[in-house]
Engineer: 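A single structure is presented below for examination.
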Number of protein chains: 2
Amino acid sequence: MDRRHTEKNEEASAQERPTLKTLAFMTGLGVTTVSRALKDAPEIGAETRRRVQLVAKQIGYRPNRAGVRLRTGKTNVISLVLNTDREIMSFVSDIIYGVSEVIADTPYHLIVTPYSRSQDPLDPIRYLVETGSADGVIISRTQPNDARARYMLEHGIPFATHGRTDMGLVHPYHDFDNHAFAVEAVRRLASMGRRKLALLTPPVGLTYYGHTVNGFADALSEVGASEIPFSTVSIDHSIEQIRTRTAQLMRRDIRPDGFVSSAAAATLALVAGIEDAGLKLGRDVDIVSKQSSDLLHLFRPELLIVNENFRLAGSELARSVLGWIGGAAPGSLQSLSVPGEVLAYQRSLD
Amino acid sequence: MDRRHTEKNEEASAQERPTLKTLAFMTGLGVTTVSRALKDAPEIGAETRRRVQLVAKQIGYRPNRAGVRLRTGKTNVISLVLNTDREIMSFVSDIIYGVSEVIADTPYHLIVTPYSRSQDPLDPIRYLVETGSADGVIISRTQPNDARARYMLEHGIPFATHGRTDMGLVHPYHDFDNHAFAVEAVRRLASMGRRKLALLTPPVGLTYYGHTVNGFADALSEVGASEIPFSTVSIDHSIEQIRTRTAQLMRRDIRPDGFVSSAAAATLALVAGIEDAGLKLGRDVDIVSKQSSDLLHLFRPELLIVNENFRLAGSELARSVLGWIGGAAPGSLQSLSVPGEVLAYQRSLD
DNA sequence: TTGGCAATCTGTAACGTTTCAGTATATTGA
DNA sequence: TCAATATACTGAAACGTTACAGATTGCCAA
């Protein structure tokens, strides 16, 4: 009896996630007392309560959700029930619907784990891994040297990234070929006689920033066009900032006669800035823009458009994670989506 | 020993969700055998396997997630990690972020439960209730007589609806005052001299369809304007359909000189249709439109805009559900968001 | 007959938590 | 001094599942 007790807790204190039993052993109390002390039950002595809570905080105790749920029936889950049809122009909803589609006839649930700009992006990942809250993880905004991917690889939790990394580590991903997008975009603009091109880039630091910039540069030299630098903003900036900077740029002596834009919302601001400067789309300047839902041509029919399908991305990412969980080789779960042709919606000018 | 066994299972077979023990009792087998039979383990006789699976299907056995998770560590959860900043123009993502914000410092997780147009909307709700997968539920696309709300009320699971019901039952909700929106919109158009107004309605059948239509009608008689019927489409129709129908409408002899539109994406189509008919926004016709993110004024500065904040809606809904779970009275968890003033972004015409 | 083996099936323990029904000790009132 | 009571703590059981280590039966070879 005594031996068993000790074994158990030596093991526990070594590696595993701490449980009430661990805390009980450390404090020398019973698990019941610990449980009650943590929830401020009245029949626990003030000092004991403080002591238990201190130790719990120190070793980072977090109650096991399955234990609580099994015992009490409390799930600590809020469900948001969504209709998957008819939703428009949104990275987030498209990805969610794509994932949902794939896991619909599996026993899996989709939880959304948010984090904000001010937080370390690693925080939510750490939480998921430490609490064992998920069998698999999908992340976006992937960087060439991505701490999150590295962390998950080290901890052996299956995941998929939206966008590639560049660390010499192999893991599932889905990516849009932004190099090809930029190349096609530049070629198209060049074919229309545009020679001074500017790029409204993806967020600096993300992997596809590099892909896009390189594709842009490669194609520039291919077609013999020149770049007008426009690095004061990226698609991550606010609509107002992009608009203002664009207007400034277009009022200069040497200004671009063509743009490549990496996001639809940013393109709206781009056009507004161009028009603020008194110039006209289709006459003074042309734009090739990515979009994820079919709305830009309504905005200005002169826009040249390349579609990126985020719903597909969501599906692919879900498939990859499930595949990895199911034992497939991570290296076999990578996919790249190639851009379709540049679409022109321009109608006759009256 | 025997007595206890019988007690237990009489209780179980009466009301509760079936477990392995229930199945074991019904088939006369041990729980281990049942467990293995259900997962096609090789050491179970073929007939027994079929028998168990038949009974399981008949009584709708579904494994308890907490039990599986506790025993095996398998969560059956996929986490989608999202950055909550910078996302634009989307009902879904705004709601999600709003909810996330509120539950961020609670122990709650947010799961997304999708359903498609082809399914009975009650299906996902039934699943959630029957499997006890959530402590609280948020639904949208609320109807005056909403089967989902009624069902959840009957089954005692806390929920909140985005939009009100009209069944004489009390439950938490958050709603935007669409009656007030329609009234303000009509008043504004009337003040600009517009007299023949059309309404691009919300989806027929949803509660706020009625609110909007009534507000529109009330204000029409107040200002003495007349309605040009436009009931062939709603904002639920496709961009193309709205555009085509609008163009048809605008080519008629008696056509509206003002529109009220219930959604931003639909407004894009509306404008396109108007321009297809050779008419000009601001000259031949004015539009007051709702939007949920600040983009429409870039599209056409002549548009008149009322903002609806879905992120706020998400927060309020989450707060309501948590409040109900926490024991607050459902009637005290209702909120109505009043529309701000109609915004005009029109700049000087050159 | 015996031993061995395959084919089926079963009881027990364990995952981590909370609740129930206590036990031990100190404190109080008479 | 004794019983009653309050205070502080504890072990065992249970939630539903699966893994482990048997148990039972029938059959076959020796």
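Here is the naming used below: chain letters follow the sequence lines, and residue numbers restart at 1 for every chain.
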Engineer: List for me each residue that meets side chain to side chain donor-acceptor pair (under 3.5 Å) alongside B/R36, sequence neighbours excluded, and say none if there are none.
Structural biologist: B/E43
Engineer: Would you please name every residue forming a side chain to side chain contact (heavy atoms under 4.5 Å, CB included) with B/V55, sequence neighbours left out?
Structural biologist: B/L23, B/M26, B/T27
Engineer: For A/E43 and C/dT19, give me the distance from atom CD to atom P, rounded to whole Å.
Structural biologist: 11 Å
Engineer: Are any of the side-chain heavy atoms of B/P121 and B/R148 separated by less than 4.5 Å?
Structural biologist: yes
Engineer: Short of 4.0 Å, heavy atom to strand atom, which residues of residues 56-63 of chain B count as contacting DNA chain C?
Structural biologist: none
Engineer: Look at the side-chain N and O atoms of A/T48 and state whether any lies under 4.0 Å from the OP1 or OP2 oxygen of D/dC9.
Structural biologist: yes
Engineer: B/K39 NZ to D/dG16 C1': how many Å, rounded?
Structural biologist: 11 Å
Engineer: Run the side chain to side chain donor-acceptor pair (under 3.5 Å) test against A/Q53 and tell me which residues pass, sequence neighbours left out.
Structural biologist: A/D40
Engineer: Can you list everything that forms a side chain to side chain contact (heavy atoms under 4.5 Å, CB included) with B/P158? Sequence neighbours excluded, please.
Structural biologist: B/W324, B/I325
Engineer: Taking the basic N atoms (NZ, or NE/NH1/NH2) and the acidic carboxylate oxygens, is any pair closer than 4.0 Å for B/E316 and B/R319?
Structural biologist: yes
Engineer: Tell me the interatomic distance from B/L70, atom CG, to C/dT17, atom P, rounded to whole angstroms.
Structural biologist: 9 Å
Engineer: With A/T131, which residues qualify under side chain to side chain donor-acceptor pair (under 3.5 Å), at least two apart?
Structural biologist: A/S133
Engineer: Tell me: CZ of A/R69 to C1' of D/dT17, nearest whole Å?
Structural biologist: 13 Å
Engineer: Rounded to the nearest Å, what distance is computed from the CG atom of residue A/L20 to the P atom of nucleotide D/dT10?
Structural biologist: 13 Å
Engineer: Show every side-chain hydrogen bond (donor to acceptor under 3.5 Å, both in side chains) that has at least one partner inside residues 149-163 of chain A, sequence neighbours left out.
Structural biologist: A/N145-A/R150
Engineer: For B/N64, enumerate each residue passing the side chain to side chain donor-acceptor pair (under 3.5 Å) test, keeping only those at least two apart in sequence or located in another chain.
Structural biologist: none
Engineer: Could you give the CZ-to-C1' distance, from A/R49 to D/dA8, as a whole number of Å?
Structural biologist: 11 Å
Engineer: Rounded to whole angstrom units, what separation is found between the CG atom of B/N64 and the P atom of D/dT17?
Structural biologist: 5 Å
Engineer: For nucleotides 10-12 of chain C, list the nitrogen or oxygen atoms of the protein found under 3.5 Å from its nitrogen or oxygen atoms, one pair per line.
Structural biologist:
| residue | atom | partner | partner atom | Å |
| --- | --- | --- | --- | --- |
| C/dT10 | OP2 | B/G30 | N | 2.8 |
| C/dT10 | OP2 | B/T33 | OG1 | 2.7 |
| C/dT10 | O4 | B/R36 | NH1 | 3.2 |
| C/dG11 | N7 | B/T32 | OG1 | 3.3 |
| C/dG11 | O6 | B/T32 | OG1 | 2.6 |

Engineer: B/F25 CZ to D/dG16 P: how many Å, rounded?
Structural biologist: 16 Å
